[in-house]
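Values below: every heavy atom of this structure, side chains too, minus hydrogens, waters and symmetry copies.
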4 protein chains.
Amino acid sequence: MYIQLDFESETPIYEQLKNEIIIGIAKKQLVPGERLPSVRSLASDIGINLHTVNKAYQQLKQEGFLLIHRQRGVVVHPDGAPKADEHYEQKLKTTLRPLIADSYCRELSKEQFRRLVKSIYSELEEGKKDE
Amino acid sequence: MYIQLDFESETPIYEQLKNEIIIGIAKKQLVPGERLPSVRSLASDIGINLHTVNKAYQQLKQEGFLLIHRQRGVVVHPDGAPKADEHYEQKLKTTLRPLIADSYCRELSKEQFRRLVKSIYSELEEGKKDE
Amino acid sequence: MYIQLDFESETPIYEQLKNEIIIGIAKKQLVPGERLPSVRSLASDIGINLHTVNKAYQQLKQEGFLLIHRQRGVVVHPDGAPKADEHYEQKLKTTLRPLIADSYCRELSKEQFRRLVKSIYSELEEGKKDE
Amino acid sequence: MYIQLDFESETPIYEQLKNEIIIGIAKKQLVPGERLPSVRSLASDIGINLHTVNKAYQQLKQEGFLLIHRQRGVVVHPDGAPKADEHYEQKLKTTLRPLIADSYCRELSKEQFRRLVKSIYSELEEGKKDE
DNA sequence: GTGGTCTAGACCACA
DNA sequence: GTGGTCTAGACCACG
């Protein structure tokens with residue numbers, strides 16, 4: 001699994017890292033129960049700070065994506081991530097609204113938006129092969 | 001036009017304000033050429049600092065949504081926002097990917113996602129009435 | 001003589017107006033001794049504030065481009081503008097330096113810059129015809 | 001690299017600072033990838049407010065001269081500034097026109113102007129030595 | 001009265 | 001220690 005970070009991005013590195021891991025899980029490149037590199041080794045692999053990796057891991061644990069065992073280290077949560085509920089949908093909607101409003105102002109058509117979303121789903125579902 | 005801000009949110013106030021304005025433009029509650037409140041009056045209306053409003057205005061000007069007219073003050077750009085191009089779509093895709101991956105992990109179905117997007121488009125298109 | 005103002009420009013209107021008049025003089029569309037419209041009429045023609053026109057006229061008088069008679073009104077200075085001296089050249093250089101540095105960083109070649117300057121001189125010298 | 005500001009000037013401090021940095025880049029006293037002082041240290045060095053420095057940095061980032069790197073701080077953009085295009089040339093011409101018209105009225109000869117421009121190019125190209 | 005500039009000082013997120 | 005955000009208050013240029 002490749003982890004691509006952009007050090008010039010507005011998005012904090014730990015956020016980017018979280019995203020990459022979540023995408024990895026969505027693509028099934030990381031499967032439930034699978035072990036992730038240790039904080040230390042991942043940090044040195046990517047060339048970032050220990051604390052940064054740790055922050056990403058901790059938050060993903062908090063959100064139910066990862067489990068952190070004392071012995072077995074960090075693993076993808078065997079039961080999968082918590083399921084989307086009403087509250088989750090509302091939050092997602094609040095995030096999506098400004099993005100869609102912006103694209104709407106720029107005259108990106110509904111159809112174009114739909115295609116864009118579809119292409120992302122394809123990426124995720126075809127993802128296993130890219131590993 | 002109502003502007004609702006969440007002062008507890010992680011999202012900076014000026015970002016929320018930018019979003020509200022963009023949504024207002026998308027809903028056609030703010031029309032091209034229309035004048036926006038002065039930084040001072042809007043700031044005191046919302047109960048925030050004028051510099052915060054100014055930052056939002058400046059960035060929206062920079063992005064092509066607003067114009068600073070020497071006689072009419074701050075106005076919605078008469079020509080509308082810059083049109084979406086290939087680069088814009090790529091940026092949007094990069095923003096959307098982690099959101100979709102996350103919802104995918106949480107087993108939010110494609111159909112549910114589609115409905116969510118559709119409901120946002122409805123909001124925007126019906127928006128004029130809410131004014 | 002056409003006066004084109006951009007109300008969205010960073011440049012103050014009175015500055016733009018001054019520039020237009022100076023360009024008019026350079027192009028000999030305005031000749032020494034020629035009378036300019038009154039503050040009042042020019043202001044209403046262009047659709048700007050009296051004070052704005054007045055400010056432009058006053059500064060041009062200060063700089064030696066115009067004469068303001070009580071009876072004859074505002075006229076182009078019969079003796080022409082004050083000649084460039086060493087101090088003037090230094091000031092010009094200070095203004096030009098950042099412009100050239102900027103274009104230099106953007107890899108605009110010396111030759112391109114030279115052509116650009118030349119095209120402006122041509123405009124000025126051919127200007128009489130455009131009147 | 002020396003930064004000389006004139007606190008009495010009409011030109012805003014942040015503008016002067018931007019100009020100094022651009023000149024520094026043109027002179028290759030600041031090279032692509034090189035790190036700039038932090039807003040705080042530069043501000044205290046020059047004796048101005050950190051927000052003023054920040055404004056200059058932000059605008060230069062926006063214009064493509066600088067990059068904010070999460071690890072290395074503020075750096076000169078590794079790819080150099082964006083290249084001059086047709087639009088840039090037009091903008092430059094608009095800026096140059098009044099300057100040239102003014103000097104033309106004051107009977108500064110084309111040749112004198114040419115020499116002045118040339119001397120600025122020399123400054124820039126010899127600049128490395130002045131460091 | 002409008003936006004633009006500048007200062008000062010505080011708190012926070014990030015790495 | 002870095003930049004990012006927010007507040008507060010002052011002065012000025014512009015129209």
Side-chain angles (χ1 to χ4, degrees), chain A residues 5 7-17 43 46-56, chain B residues 5 7 9-17 35-44 46-59 61 66-75, chain C residues 5 7-17 43 46-56, chain D residues 5 7 9-17 35-44 46-59 61 66-75:
Chain A
L5 301 180
F7 294 100
E8 278 94 42
S9 164
E10 312 277 278
T11 313
I13 297 176
Y14 81 95
E15 276 280 348
Q16 296 184 47
L17 181 52
I46 322 186
I48 61 178
N49 196 296
L50 285 179
H51 303 345
T52 309
V53 177
N54 195 50
K55 185 164 187 175
Chain B
L5 301 181
F7 294 95
S9 162
E10 306 279 273
T11 315
I13 297 178
Y14 79 93
E15 274 284 347
Q16 295 182 48
L17 181 51
R35 193 178 168 184
L36 268 65
S38 77
V39 282
R40 279 174 178 77
S41 69
L42 184 52
S44 81
I46 315 185
I48 60 178
N49 191 280
L50 86 171
H51 290 118
T52 308
V53 176
N54 192 245
K55 184 164 187 175
Y57 277 5
Q58 288 299 330
Q59 292 198 1
K61 167 189 164 192
L66 303 182
L67 216 60
I68 313 272
H69 192 101
R70 291 205 99 93
Q71 296 171 317
R72 278 174 279 152
V74 178
V75 301
Chain C
L5 301 179
F7 294 100
E8 278 94 42
S9 164
E10 313 277 278
T11 314
I13 296 175
Y14 82 93
E15 276 280 349
Q16 295 182 47
L17 181 51
I46 322 185
I48 61 178
N49 197 295
L50 285 179
H51 303 345
T52 310
V53 177
N54 194 51
K55 184 163 188 176
Chain D
L5 302 180
F7 294 95
S9 163
E10 305 279 274
T11 315
I13 298 178
Y14 79 93
E15 275 283 348
Q16 295 183 46
L17 181 50
R35 192 176 170 186
L36 269 65
S38 78
V39 282
R40 278 173 179 75
S41 68
L42 184 52
S44 82
I46 315 184
I48 61 178
N49 192 281
L50 85 172
H51 291 118
T52 307
V53 176
N54 192 244
K55 185 165 187 175
Y57 277 4
Q58 288 299 329
Q59 293 198 2
K61 167 190 164 191
L66 304 182
L67 216 61
I68 314 270
H69 191 104
R70 283 205 172 268
Q71 297 173 316
R72 278 175 278 151
V74 179
V75 300

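- If you measure from atom CG of B:Leu66 to atom C1' of E:dG4, you get 17 Å, rounded to the nearest angstrom.
- OP1 or OP2 of F:dG15 lies within a sub-4.0 Å distance of a side-chain N or O belonging to B:Arg70.
- The shortest non-hydrogen separation linking D:Pro37 to D:Leu42 is CB-CB, 4.0 Å.
- DNA chain E forms stems at E:1-14 with F:1-14, each a run of 3 or more consecutive Watson-Crick or G-U wobble pairs whose two key distances fall under 3.5 Å.
- Of the side-chain N and O atoms in A:Tyr14, none sit less than 4.0 angstrom from OP1 or OP2 of E:dA15.
- Scanning atom types as modelled, no donor and acceptor separated by under 3.5 angstrom connect the side chain of B:Arg40 and the base of E:dG1.
- The two residues A:Gly47 and D:Gln71 come nearest to each other via the heavy atoms O-NE2, 3.2 Å.
- At whole-Å resolution of the value, CD1 in C:Ile13 and C1' in E:dT2 are 12 Å apart.
- Each of B:Tyr57 and D:Thr11 was assigned the nucleotide of DNA chain E with the nearest heavy atom; the assignment lying further toward the 5' end belongs to B:Tyr57.
- B:Arg35 comes within 4.0 angstrom of sugar-phosphate atoms only, judged by non-hydrogen atoms across all strands, and of no base.
- Contact annotation: the side chain of D:Val75 never approaches that of D:Leu66 to less than 4.5 Å [non-hydrogen atoms, C-beta and beyond].
- Put simply, CG on B:Leu36 is 14 Å from C1' on E:dT2, counting in whole angstrom units.
- Residue B:Phe7 contributes atom CZ, which lies 12 Å from atom C1' of F:dT7 at whole-angstrom precision.
- Mapping D:Ser41 and B:Glu15 onto DNA chain F by nearest heavy atom places D:Ser41 closer to the 5' end of the strand.
- Once rounded to the nearest 0.5 Å, the distance linking OG1 of B:Thr11 with CD of B:Gln16 reads 5.5 Å.
- Distances shown here put every side-chain N or O of D:Gln71 at or beyond 4.0 Å from the OP1 or OP2 atom of E:dC14.
- A pairwise comparison of heavy atoms in D:Arg35 and D:Gly73 identifies NE-CA, 4.4 Å as the closest pair.
- Taking only side-chain nitrogens and oxygens, B:Ser38 never comes nearer than 4.0 Å to OP1 or OP2 of E:dG1.
- Taking each heavy atom of C:Leu17 and C:Leu5 in turn, the nearest pair found is N-CD2, 4.1 Å.
- The interatomic distance linking B:Leu5 (CG) with F:dC6 (P) rounds to 10 Å, in whole Å.
- Heavy-atom distances under 4.0 Å link DNA chain F to C:Asn49, C:Thr52, C:Lys55 of residues 48-56 of chain C, given in residue order.
- Between B:Phe7 atom CZ and B:Ile46 atom CD1 the span is 7.0 Å, to the nearest 0.5 Å.
- Residue-environment remark: NE2 (B:His69) exceeds the threshold of 12 foreign heavy atoms within 6.0 Å.
- Residue-level contact check: A:Glu10 touches neither bases nor backbone, having no heavy atom under 4.0 Å from any strand.
- Position along DNA chain E of the nearest nucleotide to D:Pro12 versus B:Gly73 favours B:Gly73 as the more 5'-ward residue.
- Residues D:Arg70 and A:Glu15 are not paired through a salt bridge, judged by the lack of any N-O separation under 4.0 Å between the basic side chain and the carboxylate.
- Checked against B:Thr52 for a side-chain contact (heavy atoms from CB on, under 4.5 Å), the options B:Asn54, B:Leu50, B:Ile48 give a single hit: B:Ile48.
- What separates CG of B:Leu67 from C1' of E:dT2 is a distance of 15 Å, to the nearest Å.
- Computed from coordinates, the D:Leu42 CG to F:dG3 P distance equals 10 Å when rounded to whole Å.
- Rounded to whole Å, the distance from CD on B:Gln58 to P on E:dT2 is 16 Å.
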